There are 2 protein chains.
Amino acid sequence: MDAIDQRIISCLVSDARSSYAEIGKSVGLSAPAVKRRVDKLLDTGVLRGFTAVVDPEALGWGTEAFVEVHCRGNITPGEIRSRLDPLPEVVAAYTVSGAADAIVHLRASDIHHLETVLERLRAVDIIDRTISTVVLSTLLDRPPAPEH
Amino acid sequence: MDAIDQRIISCLVSDARSSYAEIGKSVGLSAPAVKRRVDKLLDTGVLRGFTAVVDPEALGWGTEAFVEVHCRGNITPGEIRSRLDPLPEVVAAYTVSGAADAIVHLRASDIHHLETVLERLRAVDIIDRTISTVVLSTLLDRPPAPEH
DNA sequence: AATGAAAGCCCCTTGAA
DNA sequence: TTCAAGGGGCTTTCATT
């Protein structure tokens, strides 16, 4: 992982479909050299893959919320994960410091759908109570910069 | 946006670098037909682009936090956005319902760096106070499914 | 309007150095 | 790491439905 790798990653973060030749031009390497570096970054797990960025509204996921989840008793992170995984509306979940056991990021088609999801979430037997915060607007949403 | 478009999007979400020919094989279309649909999805904004998924640890962004931001007086979302934008550690920010004005998603290299970022955040003059929640582990992190 | 077929060009990929 | 070559993908044009 040197400076050139970081610049290659930057190129791929801003456009994952750019060609090795293009990337090479911008970092001063030949296309095969870039490909070999990218392959190595994928092998070592620095690069996890490539994905399309989709407009959630266009797919009918217009409503978003963050939910603090409080569980009963002593629950392992793995247990929480396995209970949240079956809910497709859960796009992210974290264990956190503080009073809550987890923060869950939800996406639903609308407020009514969100209500349904929250009911299903509260019906999970390890979950004691939830505190929801509905997202009104997204101010920023961007990948972390490669350099500090 | 029909069922074939959704399947094309699914393919690109799971691997943004797959070829049009490959996608075509999986959705039953020729490569040029797939390309034309992808171009249209990009034009209409359903697809916003393609990006690499990077391991944050590997880039030195090992520590994560969510911060409730409370502002002074009446502040517009645009105002909040413009104040958060210069901070590279802010990876996402939302205006929300409830008492807080915004939720900010932060990434830092470690706890010390996180502390520095929180200080810089609290130094923003429109910000009154902040409540931070440090992420202990990521349970789930996935793109929203194309179908409900 | 959307698709498939074909052609030319460019790119990817591998081997050699 | 680069260069070189073969194979394959991309992109445009054209004709069809």
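No experiment lies behind these values; they were computed from the predicted model shown. To find a chain, count down the sequence lines: A is the first, B the second, and so on, and within it residues start at 1.
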Checklist line | Base versus backbone protein contacts along nucleotides 12-17 of chain D [heavy-atom cut-off under 4.0 Å; B, S, -] | finding: BB----
Notebook entry, point to check: Any idea how A:Tyr94 and B:His105 line up, ring-wise: parallel (<30°), tilted (30 to 60°), or perpendicular (>60°)?
Noted result: perpendicular
Note to self: Any side-chain to backbone donor/acceptor pair from B:Arg37 onto B:Pro32? Under 3.5 Å, distance only.
What the structure shows: no
Next item on the list: Quickly work out the A:Ile23 CD1 to C:dC11 C1' distance and round it to whole Å.
Entry: 12 Å
Item checked: Worked check of salt bridge (Lys or Arg N to Asp or Glu O under 4.0 Å) between A:Arg107 and A:Glu64 -> CA-CA 5 Å; A:Arg107 272 192 192 280; A:Glu64 210 170 337; 3.3 Å; yes
Next item on the list: Walk me through it: do B:Ser132 and B:Val67 pass the test side chain to side chain contact (heavy atoms under 4.5 Å, CB included)?
Entry: CA-CA 4 Å; B:Ser132 329; B:Val67 183; 4.3 Å; yes
Check: Taking OP1 and OP2 of C:dA1, is either one under 4.0 Å from a side-chain nitrogen or oxygen of B:Lys40?
Finding: no
Margin query: From CD of A:Glu22 over to C1' of C:dC11, roughly how many Å is that when rounded to an integer?
Written below: 10 Å
Next item on the list: For B:Lys25 and D:dG8, give me the distance from atom NZ to atom C1', rounded to whole Å.
Entry: 11 Å
Margin query: Heavy atoms from C-beta onward define the side chain here; which of C:dA2, C:dC11, D:dT2 lies closest to that of A:Leu29?
Written below: D:dT2
Check: When the distance from CZ of B:Arg37 to P of C:dG4 is rounded to whole Å, what number comes out?
Finding: 9 Å
Notebook entry, point to check: What integer distance in Å separates A:Leu42:CG from C:dT13:P?
Noted result: 11 Å
Notebook entry, point to check: With a cut-off of under 6.0 Å to the ring centre and 45° to the axis, is A:Arg17 in cation-pi contact with B:Tyr20?
Noted result: yes
Margin query: Which nucleotide wins on minimum distance to the side chain of A:Ala33, given the candidates D:dT1, D:dT11, C:dA2?
Written below: D:dT1
Check: Taking NZ, NE, NH1 and NH2 as the nitrogens, is one of them in B:Arg120 or B:Glu89 under 4.0 Å from a carboxylate oxygen of the other?
Finding: yes
